[in-house]
Protein chains: 2
Amino acid sequence: MSSAPAAHDPGVGPHPVADPPILDPQLAALLKRTPDGLVCAVVQQFDSREVLMVGWMDDEALRRTLEGGRVTYWSRSRREYWRKGDTSGHVQWLKGVRVDCDGDALLVSVDQVGPACHTGTRSCFEAFEVTR
Amino acid sequence: MSSAPAAHDPGVGPHPVADPPILDPQLAALLKRTPDGLVCAVVQQFDSREVLMVGWMDDEALRRTLEGGRVTYWSRSRREYWRKGDTSGHVQWLKGVRVDCDGDALLVSVDQVGPACHTGTRSCFEAFEVTR
């Protein structure tokens with residue numbers, strides 16, 4: 001009978017299973033989430049300061065964004081993570097993230113490759129201008 | 001017995017009661033609201049393009065903003081309308097409103113008097129910068 005440790009006991013095997021990565025607890029403690037665990041992410045082109053879009057992040061999307069250097073969202077409609085540009089090529093390279101005073105919004109500074117909007121415009125806010 | 005029309009029949013009296021004002025139906029039809037009837041409003045200083053804050057509006061807050069020329073929000077914590085600057089003096093004069101491609105976010109261009117943030121900073125995003 002083999003004396004090898006049980007494969008699913010992370011504390012015993014020769015290569016212990018690492019804990020899954022989590023968002024920095026100090027940052028996580030700042031966030032005030034919606035009932036479904038999300039914060040609003042306002043995305044701004046770093047040099048022109050144009051507001052490109054608004055997306056949603058949970059803790060894991062923010063962690064992936066910070067660690068990978070490309071902006072990743074939680075898609076509320078598709079219920080999955082969505083790294084901007086993976087299918088379109090319209091990548092958002094991360095420049096910085098700021099948290100607002102009450103922790104329920106992020107300002108994400110990016111360098112946007114191509115159009116930010118799925119409609120092909122640079123910004124998602126070109127669709128409709130309200131006249132008074 | 002008096003022949004005066006019933007006071008609460010708006011169609012009969014000499015001064016019919018006006019319908020309460022509503023948001024332009026064409027604009028209202030564009031909006032995709034959260035389950036509690038809100039859209040996210042990103043507020044940007046019109047000339048410097050600094051992102052000042054994020055607030056929330058329902059249809060009535062947007063109507064008041066457009067008609068009054070000063071930005072009005074729905075306060076989720078206090079559950080009331082809140083016209084920015086009424087107590088602080090830090091008024092937001094409306095310059096324009098844009099709706100994003102899927103109708104769940106507004107980009108509100110303003111001329112901000114004084115600090116936008118209740119903490120006294122110009123922007124609400126000066127609280128915490130995330131380092132990677």
Side-chain angles (χ1 to χ4, degrees), chain A residues 23-24 26-27 29-32 34-36 38-45 47-56 62 65-69 76-77 94-109 115-121 123-132, chain B residues 23-24 26-27 29-32 34-36 38-45 47-56 62 65-69 76-77 94-109 115-121 123-132:
Chain A
L23 183 64
D24 169 26
Q26 190 190 350
L27 174 55
L30 288 176
L31 301 180
K32 200 169 74 186
T34 62
D36 43 355
L38 302 173
V39 292
C40 165
V42 178
V43 181
Q44 185 177 36
Q45 173 66 25
D47 47 7
S48 69
R49 293 185 142 185
E50 185 176 17
V51 175
L52 299 171
M53 59 178 283
V54 169
W56 294 88
L62 179 54
T65 297
L66 292 168
E67 293 201 4
R76 294 180 296 174
S77 52
L94 185 66
K95 292 285 187 176
V97 178
R98 290 177 171 275
V99 184
D100 81 346
C101 57
D102 61 0
D104 66 355
L106 304 171
L107 181 58
V108 182
S109 178
C117 189
H118 74 286
T119 64
T121 56
S123 155
C124 290
F125 290 97
E126 293 174 40
F128 189 81
E129 181 168 11
V130 180
T131 51
R132 294 171 62 199
Chain B
L23 183 64
D24 170 25
Q26 191 191 350
L27 174 56
L30 288 177
L31 301 180
K32 201 170 75 186
T34 61
D36 43 355
L38 302 173
V39 292
C40 165
V42 178
V43 181
Q44 184 177 36
Q45 173 67 24
D47 46 7
S48 69
R49 291 185 143 184
E50 185 176 18
V51 175
L52 299 171
M53 59 177 284
V54 169
W56 294 88
L62 178 55
T65 296
L66 293 168
E67 294 201 3
R76 294 181 296 174
S77 52
L94 185 67
K95 292 286 187 174
V97 178
R98 289 176 172 275
V99 184
D100 81 346
C101 56
D102 61 1
D104 66 354
L106 304 171
L107 181 59
V108 181
S109 177
C117 189
H118 73 287
T119 65
T121 57
S123 155
C124 290
F125 290 97
E126 293 175 40
F128 189 81
E129 181 168 12
V130 180
T131 51
R132 295 171 61 199

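These numbers come from the heavy atoms of this one structure, side chains and all, not from hydrogens, waters or symmetry mates. In this text, all values refer to a predicted model and were calculated from it rather than measured experimentally. Chain letters run A, B, ... following the sequence lines, proteins first, then strands; residues in each count from 1.
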Across all chains, not counting sequence neighbours, the salt bridge (Lys or Arg N to Asp or Glu O under 4.0 Å) partners of A:Arg76 are B:Asp104
Distance col, row A:Gln44:CD vs B:Phe125:CZ, nearest 0.5 angstrom, shows 9.5 Å
Rounded to the nearest 0.5 angstrom, the SG-CD distance for A:Cys101 and B:Glu126 is 10.5 Å
Of A:Asp102, A:Leu94, A:Thr119, the largest count of non-hydrogen pairs under 4.5 angstrom with chain B goes to A:Leu94
The interface call for B:Glu129 against chain A, heavy-atom contacts under 4.5 Å, is both
The interface call for B:Leu30 against chain A, heavy-atom contacts under 4.5 Å, is side chain
For B:Asp47, the side chain to side chain contact (heavy atoms under 4.5 Å, CB included) test, sequence neighbours excluded, returns B:Gln45
Counting heavy-atom pairs under 4.5 Å with chain B, the top scorer among A:Val130, A:Val42, A:Thr121 is A:Val130
When A:Val99, A:Val97, A:Asp100 are each screened for side-chain contact (heavy atoms from CB on, under 4.5 Å) with B:Phe128, the one that passes is A:Val99
Max heavy-atom pairs within cutoff under 4.5 Å with chain A, candidates B:Gly96, B:Ser48, B:Cys117, goes to B:Ser48
Per-residue tally against chain B (heavy atom, under 4.5 Å) across A:Leu106, A:Leu62, A:Asp24, A:Thr34 peaks at A:Leu106
With chain B, the option among A:Glu67, A:Met53, A:His118, A:Arg49 that has the most non-hydrogen atom pairs under 4.5 Å is A:Arg49
